[in-house]
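Along the sequence shown, the residues carry numbers beginning at 1.
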Amino acid sequence: MNAPARPKKSFGQHFLHERRYIERIVSAVSPRPDDFLVEIGPGEGALTFPLLTVARKLTAIELDTDLIPRLQQQAEGIGELSIVHADVLKVDFTAMAARAGVPRLRIAGNLPYYISSPILFHCVDHADAITDMHFMLQKEVVDRMAAEPGSKVYGRLSVMLQLACRVVPLFDVPPGAFRPPPKVDSSVVRLVPIPPEERHDANPARLHAIVKAAFAQRRKTLSNALRQLMDAEAIRQADVDPKARAETLAPGDFVRLAKIPPA
């Protein structure tokens, strides 16, 4: 039997090991044999092999070359495991689906805390090629993802993800379920991309710029925060109060702001 892998701080590795939480995550994903399932960061395979047992085939994206041989060895006799050695931020999920001849992928993973937001935004960029996503993240991040207007943790991440996906927090996972235990609690979340016909039609670059500027200094009114992008009258045209603060606006308010033509 292989000795347990030594987690690497440089990769932000915390290996899930507690069986009951593994089973809850697999149950939440509910893989089917006809799924094209992709796991981000399989680590020691705590989720990989239970998922593979049901789905029969799985593609894993792993950056740590030391983990790949043992994953391949352990997969023998369980199912077809394909491992992509790559930085997930450089993986084109749309092209992956096209190469596999499937309309959409299903994605799961225990995301490294230090790059979780970039990974989330990268996945959202490929939302048309994804059926759903099940991620374990720092609980604070999941709270921000699902936050409603007026919440202290409502911000850019909340708005941008909620405009792209339905965000469903599922359950929390304590530090003791990992090796080594992280210093924070974790949560599992389900993201289901909003169908194209239901998605907003604002210019993505302008929307991103407005949301980023609005939350850059939360205590500023919109007329001050957005001064470089639009004036108070343009804000009013979107049926938004220029004296309001970003944290009070619903995601749809930002869409209306982005649809006002630049002066």
Rounded to the nearest 0.5 Å, what separates atom [atom1] in [X] from atom [atom2] in [Y]?
X: His122; Y: Asp125; atom1: NE2; atom2: CG; answer: 7.5 Å
X: Lys220; Y: Arg245; atom1: NZ; atom2: CZ; answer: 12.0 Å
X: Arg104; Y: Asp35; atom1: CZ; atom2: CG; answer: 11.5 Å
X: Leu226; Y: Ile235; atom1: CG; atom2: CD1; answer: 5.0 Å
X: Ile260; Y: Arg206; atom1: CD1; atom2: CZ; answer: 9.0 Å
X: Gln72; Y: Ile83; atom1: CD; atom2: CD1; answer: 4.5 Å

Contacts of Ala100 that satisfy side-chain contact (heavy atoms from CB on, under 4.5 Å) - sequence neighbours left out: Phe36, Val102

Does Thr53 have any side-chain contact (heavy atoms from CB on, under 4.5 Å) partners at least two apart in sequence or in another chain, and if so, which? Ile78

Check this for me, if you would: do [X] and [Y] make a salt bridge, where the nitrogen-to-carboxylate-oxygen distance has to be below 4.0 angstrom?
X: Lys259; Y: Asp201; answer: yes
X: Glu247; Y: Arg219; answer: yes
X: Arg99; Y: Asp92; answer: no

Is [X] reaching over with its side chain to a backbone N or O of [Y], donor-acceptor style, under 3.5 angstrom?
X: His17; Y: Gly176; value: yes
X: Ser223; Y: Lys243; value: no
X: Arg106; Y: Val29; value: yes
X: Tyr154; Y: Leu249; value: yes

What I'd like to find out is whether the side chain of [X] reaches to under 4.5 Å of the side chain of [Y], using heavy atoms alone.
X: Val173; Y: Met136; result: yes
X: Ser116; Y: Phe135; result: no
X: Ile25; Y: His134; result: no
X: Glu140; Y: Val153; result: no
X: Val91; Y: Ile61; result: yes
X: Met230; Y: Ile210; result: yes
X: His85; Y: Ile68; result: yes
X: Leu191; Y: Ile130; result: no

Assess whether side-chain contact (heavy atoms from CB on, under 4.5 Å) is satisfied between Val141 and Leu111, documenting all intermediate values. CA-CA 11 Å; Val141 174; Leu111 302 189; over 6 Å; no

Run through Glu62, Glu39, Gln74 and flag the one making a side chain to side chain donor-acceptor pair (under 3.5 Å) with Thr48. Glu39

Exercise answer: donor-acceptor pairs, residues 161-169 side-chain atoms, under 3.5 Å, sequence neighbours excluded:
{"residue": "Gln162", "atom": "NE2", "partner": "Met145", "partner atom": "O", "Å": "2.9"}
{"residue": "Gln162", "atom": "NE2", "partner": "Ala147", "partner atom": "O", "Å": "2.8"}
{"residue": "Arg166", "atom": "NH2", "partner": "Glu198", "partner atom": "OE1", "Å": "2.8"}

With Leu137, the side chain to side chain contact (heavy atoms under 4.5 Å, CB included) member among Val188, Asn110, Val142, Ile119: Val142

Same hydrophobic cluster for Leu16 and Phe171, using side-chain heavy-atom links shorter than 4.5 Å among ILVMFWY? yes

Salt bridge (charged side-chain N to carboxylate O under 4.0 Å, His left out) for Glu23 and Arg20? Distances and angles first, verdict last. CA-CA 5 Å; Glu23 290 174 352; Arg20 62 182 171 132; over 6 Å; no

So for atom CD, which belongs to Glu148, do other residues, nucleotides or ligands contribute more than 12 heavy atoms lying within a distance under 6.0 Å? no

